[in-house]
There are 2 protein chains.
Amino acid sequence: MITLTEENYIKAIYHLSNNGTLTVNTNAIAEAMKTKASSATDMIKKLSEKNYADYKKYQGVTLTENGKRVAVNIIRKHRLWEVFLVEKLNFTWDEVHEVAEHLEHIKSDKLIDELDAFLEHPTHDPHGDPIPDKNGNFHHIDKIVLAKANIGVAYKCVGVDDTSTAFLQYLDSNGIGLGTIITVKYREPYDNSMRIQLKNSEIIVSNSVAKNLYLKKV
Amino acid sequence: MITLTEENYIKAIYHLSNNGTLTVNTNAIAEAMKTKASSATDMIKKLSEKNYADYKKYQGVTLTENGKRVAVNIIRKHRLWEVFLVEKLNFTWDEVHEVAEHLEHIKSDKLIDELDAFLEHPTHDPHGDPIPDKNGNFHHIDKIVLAKANIGVAYKCVGVDDTSTAFLQYLDSNGIGLGTIITVKYREPYDNSMRIQLKNSEIIVSNSVAKNLYLKKV
DNA sequence: AAACAAATTTAGACTAGTCTAAAAATTATT
DNA sequence: AATAATTTTTAGACTAGTCTAAATTTGTTT
Ligand SMILES: [Mn+2]
Ligand SMILES: [Mn+2]
Ligand SMILES: [Mn+2]
Ligand SMILES: [Mn+2]
């Protein structure tokens, strides 16, 4: 039996490890989980005992295959619920995260299979993040970050890195969402801000915005 | 802050007290919650401290108005989710209970309001139980139990009392569901079993079945 | 009214998860 | 290579919820 807290730690480690590729340190986990390092250490030991993680004292943590499987499944559930909330229940993309954070822990294979079918097997969530299929395979899309886009080329917005309410609402109020067509007009060398062309407007975005927006050539 | 366990106890007390009208004793709560009486006592004290219940040692428990409000809200969520599972995700009426038991604890007013609207404000769940509205008002239907039905009168099945998988599957396999038209042909005085007329068949049901099926005159 | 039985509460212990404070190990700096 | 700074772990305590076993209260019988 896996607890809700264990699931949250496993998911956090998965994300911090860049989808299970890097070693993660205790402080990073504690920060992500909003607990103290001592609590993280305790949980890491438990995850290690339960075979979700590999761990040697002072040497950081990696997820086992088993741990990755669990993480990917939670992420699948999280993102499917996000799609449900936006597509069926009129949530906006900045409102879904907190609720999905809880819904992701409901344990029922039938529930998630049927939800997936009901939503017609979506491949991406409302923030452009890929939804792994039942076997844990991600539908990879090759995207670049706005900060590295080429001048004069037309791109489509396909995702965001930062999913905070503040950022998503900033995008809303500037008319940027998934699917928006963006062409870079000018990059200011001084602060790396960019002037970008949208459908009916030209706006200037800071580098911190440009680093959090993913694009794909149209 | 109310915990998941507190919510489950409050809901159990609500049901045991016949919707908040009777005093409930410790052993009944312990049995309903599948814990021991000592655990129930501890929780009762806590609910009392938090103003969800009124309690005097050895004298049993009642819910406060506050406690009833919480109970009705959980029941609302539980039943709305059950409708969702059956109507949208192809669950059968014997599969929904366990999942709804978890979904009922998700805390988001927007979620439940939108779900209610998405389902077009259903008044009853898949077992015929009424769904309280946002203000906690139940849409009362006047139903009688099959065991007390009159011979020769046509009734419509509108609910079940027992929602166990075994009972619901028994009904399925005998062609009885919500909406089924039933006419009592004969009541056997010896064991109170009944011969009942369905659309295309006549079957005999025991008294324990007859006590768990709710009907309404057509 | 005393004795017995049943229901309920208390006492003390256990697990999961958290915290603070202190100790130990690792890494960086001189 | 020694010292300092940082990171991580340990020790011990706390809360929520549970348990067993014992004590207490209430209810029922004689
Ligand atoms: Mn979560
Ligand atoms: Mn998302
Ligand atoms: Mn529940
Ligand atoms: Mn129901």
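We use all heavy atoms of the structure for the numbers below, so side chains are in, but hydrogens, waters and symmetry mates are not. In what follows, chains are A, B, ... by sequence order, proteins preceding strands, each numbered from 1.
Distances shown here put a side-chain N or O of T5(A) below 4.0 Å from the OP1 or OP2 atom of dG17(C). Put simply, T3(A) has a side-chain N or O that comes within less than 4.0 Å of OP1 or OP2 on dG17(C). The shortest distance between the side-chain N/O atoms of N27(A) and the OP1/OP2 oxygens of dT8(D) is below 4.0 Å. Residue Y9(B) places at least one side-chain N or O closer than 4.0 Å to OP1 or OP2 of dT18(D).
Note on ring orientation: taking the six-membered ring where Trp is involved, the planes of H78(B) and H97(B) are tilted (angle from 30° to 60°).
Between dC19(D), dT8(D), dG17(D), one nucleotide has an atom nearer to the side chain of K36(B) than all others, and that is dC19(D).
Seen from the ring of Y9(A), K46(A) does not count as a face-on cation partner, given the 6.0 Å and 45° thresholds.
As a whole-Å value, the separation of I29(A) CD1 from dG17(C) P is 15 Å. In this structure, CG of L4(A) is placed 18 Å from P of dA16(D), rounded to the nearest angstrom. Rounded to whole Å, atom C1' of dT15(C) lies 17 Å from atom CD1 of I2(A). Here the P atom of nucleotide dT8(D) and the CD atom of E31(A) are 12 Å apart, to the nearest Å. For the pair K57(A) NZ and dT9(D) C1', the computed distance is 7 Å after rounding to whole Å. Atom CE in M43(B) sits about 12 Å away from atom P in dC19(D), given to the nearest Å. Between Y58(B) atom OH and dG27(D) atom C1' there is a gap of 13 Å when expressed in whole angstrom units. The CG atom of D42(A) sits 13 Å away from the C1' atom of dT20(C) (whole-angstrom rounding).
Taking only distance into account, the side chain of S38(A) never meets the base of dT18(C) through a donor-acceptor pair shorter than 3.5 Å.
Across all strands shown, T41(A) has heavy atoms under 4.0 Å from base atoms, whether or not it also approaches the sugar-phosphate. Among the protein residues, K56(A) comes within range of no part of the nucleic acid, since none of its heavy atoms lies under 4.0 Å from any strand. As judged by a 4.0 angstrom heavy-atom cut-off over every strand, N25(A) is placed among residues touching the sugar-phosphate backbone only. Counting any heavy atom pair closer than 4.0 Å across all strands shown, S39(B) reaches a base atom.
E104(A) pairs in a salt bridge (Lys or Arg N to Asp or Glu O under 4.0 Å) with only one of the listed residues (R79(A), K11(A), R76(A)), which is K11(A).
Aromatic pair F84(B)/F84(A): ring centres closer than 6.0 Å.
Salt bridge K77(A)/E82(A): absent, no basic N to carboxylate O contact under 4.0 Å.
Residue-to-nucleotide proximity on DNA chain C shows that, of Q59(A) and E6(A), the 5′-proximal contact is made by E6(A).
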